Amino acid sequence: DIYYWGQTTMTTRSHCIVSGAGSGLGLGLAIRLLRRGHRLSLIDLGFDDNARQQLADAASAEDQWQTYPLDIRDTQALKQAVTNGVSAFGPVALAINCAGIILNRRFVDMAPEDFARVVDINLNGSMYFAKAVLPHMQAGSRLGLIASMAGLVSNYAYAAYGASKFGVVGLATTLRYEYEPLGIGISCICPPEVRTPMVVAERQDGDPVSLQLKDIAGSMEAPQAIDSIIRGLDAGRWMIIPGIRSRLTAGFARHCPALFHFFMQRIIRHLLLRTPTQETRP
């Protein structure tokens, strides 16, 4: 089979690199790509037995995938992993950066080092990933960066996360200007809340106002979001926003910003009145 991802022609043995592939969206995307017969280089802090078993079950051959446990911020280890993957599987046809963390905490309660860590992993990590893979990509290949709906409209208590994801959207936009004329496609992927282990942890101790505001754009199960992302990549889309509610929210914010801001402020004030224990000092 041959899959056309925009300008990308993907044979069933094409080499794909996925970061954040040990869990959540990254693991789900890796499984889908393995089922299509692609060869994968997978990057994450670590891969537990469950993740490895899921990957093995999806692969048709033992030598179809390899893992590289590393921190996305370790630029030398990342560069070496990509080089090793290219040596084993050939030039990179598709690279998707899913590595990231979330911090749901009001600005007043946030330490500067917390903000810096989120930006370093989410935004700088996207840059490190792009810097490592793009030299090994040719005309017809595609780079996908996972941003977030928070990179389009942000959320209450998302100063660090929203800033980092807005940055990813900006980075992807500039890479699009620089690399699409060379035939390398760029996709910016902005999912709403997806029920992954990271989001489950956020739901346990996140800011209550923030968690209720998330209901505006809605939540998605991981398989549903992955289906939408794969369809977007197959179509060669630049901006991929899974979910009808999230696309409507993004469109509302883009085309009617003043009205969207007014609407959000009304909801936030209402929610703050319902959570009287939360201080609202500047």
Side-chain angles (χ1 to χ4, degrees), residues 6 16-26 28-29 43-45 71-75 78 82 92 94-105 110 114-134 137 141-155 157-180 184-194 196 198-199 202 210 214 217 220 225-226 228-230 232-233 236-243 246-247 249-251 253-254:
C16 306
I17 298 181
V18 181
S19 72
S23 65
L25 286 179
L29 288 166
I43 296 167
D44 208 329
L45 286 172
D71 189 318
I72 198 74
R73 296 170 294 179
D74 187 339
T75 57
L78 178 60
V82 172
V92 181
L94 174 69
I96 309 176
N97 182 49
C98 301
I101 61 171
I102 197 164
L103 179 64
N104 190 320
R105 188 176 302 163
M110 185 188 308
D114 295 330
F115 187 96
R117 179 170 178 264
V118 173
V119 170
D120 198 18
I121 294 173
N122 293 353
L123 175 54
N124 293 344
S126 297
M127 182 271 290
Y128 301 145
F129 182 81
K131 197 74 171 175
V133 301
L134 281 167
M137 303 181 81
S141 58
R142 179 163 292 273
L143 169 65
L145 299 180
I146 299 285
S148 170
M149 273 293 292
L152 302 175
V153 299
S154 200
N155 190 6
Y158 264 25
Y161 187 72
S164 71
K165 293 302 186 176
F166 265 84
V168 174
V169 175
L171 172 64
T173 301
T174 301
L175 292 179
R176 189 185 186 197
Y177 293 153
E178 295 186 12
Y179 284 91
E180 286 196 349
I184 298 175
I186 306 294
S187 289
C188 184
I189 303 163
C190 295
E193 180 182 73
V194 179
T196 63
M198 183 175 72
V199 167
E202 180 194 11
S210 173
K214 282 186 167 199
M220 300 182 72
I226 292 165
S228 183
I229 292 169
I230 290 291
L233 291 171
R237 293 197 190 105
W238 144 243
M239 179 64 67
I240 301 172
I241 305 176
S246 52
R247 288 194 291 274
T249 301
R254 178 182 179 184

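These numbers were taken from a predicted model, which means no experiment stands behind them.
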Between Tyr179 and Ile186 the two heavy atoms that sit nearest each other are CB-CD1, 4.4 Å
Any pair counted as salt bridge (Lys or Arg N to Asp or Glu O under 4.0 Å), so long as it reaches residues 158-177, sequence neighbours left out:
Arg176-Glu180
Mind checking what makes salt bridge (charged side-chain N to carboxylate O under 4.0 Å, His left out) contact with Arg117, not counting sequence neighbours?
none
Specify the closest pair of heavy atoms between Pro242 and Ile229, including all atoms of both residues, with the distance to one decimal.
CG-CG1, 3.9 Å
Using side-chain contact (heavy atoms from CB on, under 4.5 Å), reason through Phe115 and Leu103 one step at a time and then give a plain yes or no.
CA-CA 8 Å; Phe115 187 96; Leu103 179 64; over 6 Å; no
Atom of Gly151, atom of Val169 and distance for their closest heavy-atom approach
O-CG2, 3.7 Å
Quick one: does Leu94's side chain get under 4.5 Å of Ile17's, heavy atoms only?
no
For Tyr161 and Asn122 the tightest heavy-atom approach is CD1-ND2, 3.6 Å
Here the gap from Leu152 atom CG to Ile241 atom CD1, rounded to the nearest 0.5 Å, amounts to 5.5 Å
Take Ile43 and Asn97 through the test side-chain contact (heavy atoms from CB on, under 4.5 Å) and record every step on the way to the result.
CA-CA 9 Å; Ile43 296 167; Asn97 182 49; over 6 Å; no
Quick one: are Arg73 and Asn124 in side-chain contact, heavy atoms under 4.5 Å?
no
Quick check against the 3.5 Å criterion: does Ser148 have a side-chain atom that pairs as donor or acceptor with the backbone of Cys190?
no
Here the pair of heavy atoms bringing Val82 nearest to Ala132 is CG1-O, 3.5 Å
Please report the interatomic distance CD(Glu178) to CD1(Ile184), rounded to the nearest 0.5 Å.
11.0 Å
Straight-line distance of Ser23 OG to Asp44 CG, nearest 0.5 Å:
6.0 Å
Scanning both residues in full, the closest heavy-atom pair of Ser164 with Val119 reads CB-CA, 4.0 Å
So do Pro191 and Leu25 actually touch side chain to side chain, heavy atoms under 4.5 Å?
yes
Check for a donor-acceptor pair, side chain of Ser228 on one end and backbone N or O of Ala225 on the other, with a separation under 3.5 Å.
no
Please report the interatomic distance CG(Asp71) to CG(Leu78), rounded to the nearest 0.5 Å.
9.5 Å
Are the side chains of Ile96 and Ser19 in contact, using a 4.5 Å heavy-atom criterion?
no
Does the side-chain contact (heavy atoms from CB on, under 4.5 Å) test come out yes or no for Leu175 and Leu145, once each step is laid out?
CA-CA 10 Å; Leu175 292 179; Leu145 299 180; 4.2 Å; yes
Just jot down the side-chain hydrogen bond (donor to acceptor under 3.5 Å, both in side chains) partners of Tyr158, sequence neighbours excluded, or say none.
Glu202, Lys214
Dump the intermediate steps for side-chain contact (heavy atoms from CB on, under 4.5 Å) on Leu171 and Phe166, then the final yes or no.
CA-CA 9 Å; Leu171 172 64; Phe166 265 84; over 6 Å; no
Find out whether Trp238 and Thr173 are in side-chain contact, i.e. whether some heavy atom of one side chain is under 4.5 Å from a heavy atom of the other.
yes
Inter-residue atom distance Ile226.CD1 - Met220.CE, 0.5 Å rounding:
10.0 Å
Give a yes or no on whether Arg254 atom CZ has more than 12 heavy-atom contacts from other residues, nucleotides or ligands under 6.0 Å away.
no
Could you tell me if Ser187 and Arg142 have a donor-acceptor pair between their side chains, going purely by distance under 3.5 Å?
yes
What distance do Leu134 atom CG and Ser141 atom OG have between them, rounded to the nearest 0.5 Å?
7.5 Å
A side-chain contact here means heavy atoms from C-beta on lying under 4.5 Å apart; do Cys98 and Val18 qualify?
yes
